[in-house]
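Numbering of ligands and ligand atoms starts at 1, following listing order.
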Amino acid sequence: MTKIIIKTPEQIEGIRKSAVLAAQTLKFIAEFVTEGVHTAFLNDKIEEFIRDHGAIPAPLNYNGFPKASCISLNEVVCHGIPSPKEVLKNGDILNIDITTILNGFYGDTSRMFAIGEISEAASHLIKVAQKCLDIGIEQSFPTNFIGNIGFEIGKYARDNECSVVYEYCGHGVGIAFHEAPEISHIAEKNSGAKMKEGMVFTIEPMINLGKARTKLDKKDGWTVRTIDNKLSAQFEHTLLITGKGCEVLTDLDGYYS
Ligand code: MF3
Ligand code: CO
Ligand code: CO
């Protein structure tokens, strides 16, 4: 395994700026997320906003990914490719995932959106996924084991009749898109490395209504769906481990402070 990079104060300043821009992009796109628009339109607005702010959308051409953002609709777990053929309709739920590169530094965040009136099951799932991220953030402080993030998330999801995707993880971030460590959203208590001041990583639990397993789209090689085509939801933040706890770098609203 590659080493976990402890970020310098200068790197943290750079990452913080990129994280804020990613969060601002997610806020900017919210007003366009409505019934009747297609996801490629949203992607193009996102790309324009990021470039207008002097940054680059990290997904574009990342291992051949063809678009500037990931938009994952309903049973899509993650890495959905925005498309003009994908038109939002009443009852849909979707995740928009934004990663920016600003002056070489990365910020990564995502959230769910609901179109019109969604089912009670969908609304339950979104609430559980949001709570899972909050629980992971609560576990993020120096000396705690990284595994306790996944341990607590797994417990909460199961207690609320949901399952946790284990095939995709959170990750160190900042100098590159995906760095060590892997942040599993399901783990043994007190497993893995200990958190240390200066670590920067994402927590991004993908929570399913049905089975935890996923399948990869054979044609596009990217879209990840639930194995049973039941709904999936995800929220993501980039956070910095501080001396006392953590700072959520992609939290614009002071929700966690
Ligand atoms: N933003 C995703 C994450 O949270 C990764 C997307 S990789 C891409 O890690 F290639 F699909 F863009
Ligand atoms: Co992301
Ligand atoms: Co991420």
Side-chain angles (χ1 to χ4, degrees), residues 2 4-5 7 15 18-29 39-40 42-44 46-47 49-50 55-73 76-83 86 94-102 105-113 129-130 132-133 136-137 140 146 149-150 153 164-185 199-207 214-217 219-225 232-240 246 248-252:
T2 48
I4 302 175
I5 306 168
K7 271 76 180 185
I15 297 164
S18 191
V20 166
L21 178 59
Q24 284 170 337
T25 308
L26 206 46
K27 196 164 189 172
F28 156 81
I29 201 60
T39 54
L42 297 175
N43 176 76
D44 293 350
I46 287 166
E47 177 163 9
F49 186 89
I50 291 172
I56 299 163
L60 190 62
N61 302 320
Y62 176 77
N63 294 334
F65 190 80
K67 293 284 184 180
S69 63
C70 296
I71 303 187
S72 301
L73 191 60
V76 179
V77 172
C78 61
H79 305 166
I81 303 173
S83 161
E86 193 169 69
L94 64 150
N95 172 281
I96 301 184
D97 193 334
I98 308 286
T99 312
T100 47
I101 313 173
L102 181 62
F105 298 106
Y106 290 72
D108 190 6
T109 183
S110 83
R111 60 161 274 202
M112 295 301 292
F113 295 88
Q130 172 74 72
C132 283
L133 174 55
I137 289 171
S140 300
I146 287 172
I149 294 171
I153 288 173
V164 180
V165 172
Y166 55 87
E167 293 161 299
Y168 300 88
C169 294
H171 49 92
V173 69
I175 310 303
F177 201 161
H178 295 108
E179 305 172 3
E182 253 188 16
I183 309 290
S184 175
H185 303 107
M199 286 184 182
V200 178
F201 55 80
T202 74
I203 303 178
E204 49 182 298
M206 288 144 271
I207 307 297
T214 68
K215 60 189 174 200
L216 185 63
D217 189 295
K219 284 197 206 110
D220 68 29
W222 279 103
T223 309
V224 178
R225 292 188 179 79
S232 187
Q234 178 182 30
F235 289 84
E236 173 176 27
H237 274 308
T238 294
L239 50 111
L240 163 72
C246 75
V248 181
L249 300 178
T250 43
D251 173 26
L252 278 188

Protein contact to [atom] [nearest heavy atom, distance to 0.1 Å]:
{"atom": "atom 4 (O) of ligand 1", "result": "Glu204 OE1, 2.8 Å"}
{"atom": "atom 12 (F) of ligand 1", "result": "Pro59 CB, 3.1 Å"}
{"atom": "atom 10 (F) of ligand 1", "result": "Tyr62 CD2, 3.2 Å"}
{"atom": "atom 2 (C) of ligand 1", "result": "Asp97 OD2, 3.4 Å"}
{"atom": "atom 9 (O) of ligand 1", "result": "His178 NE2, 2.8 Å"}

Between His178 and Tyr62, is the gap from one ring center to the other below 6.0 Å?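 Ring centroids of His178 and Tyr62 are less than 6.0 Å from each other.
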
May I ask which of Asp108, Thr223, Val224, Thr109 has a heavy atom nearer to atom 3 (C) of ligand 1 than the others do? Asp108

OE2 (Glu204) to the Co ion (ligand 3) to NE2 (His171), nearest 10°, is 90°

Short N or O distance, Glu236 and ligand 1, threshold 3.5 Å exclusive: yes

What atom name does the N, O or S atom of Glu236 nearest to the Co ion (ligand 3) carry?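 It is OE2, the N, O or S atom of Glu236 closest to the Co ion (ligand 3).
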
Of all N/O/S atoms in Asp108, the name of the one nearest the Co ion (ligand 3):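 Within Asp108, restricted to N, O or S, the Co ion (ligand 3) is closest to atom OD2.
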
What residue among Cys70, Cys78, Ser110 forms side chain to side chain contact (heavy atoms under 4.5 Å, CB included) with Asn95?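 It is Ser110; the other options fail the test.
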
So how far is it from Met199 CE to Leu240 CG, rounded to the nearest 0.5 Å?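 Met199 CE to Leu240 CG: 11.0 Å, rounded to 0.5 Å.
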
Counting from 1, what ligand 1 atoms have a heavy atom of Phe177 closer than 4.0 Å?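 Ligand 1 atoms under the 4.0 Å threshold to Phe177: 1 (N), 5 (C), 6 (C).
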
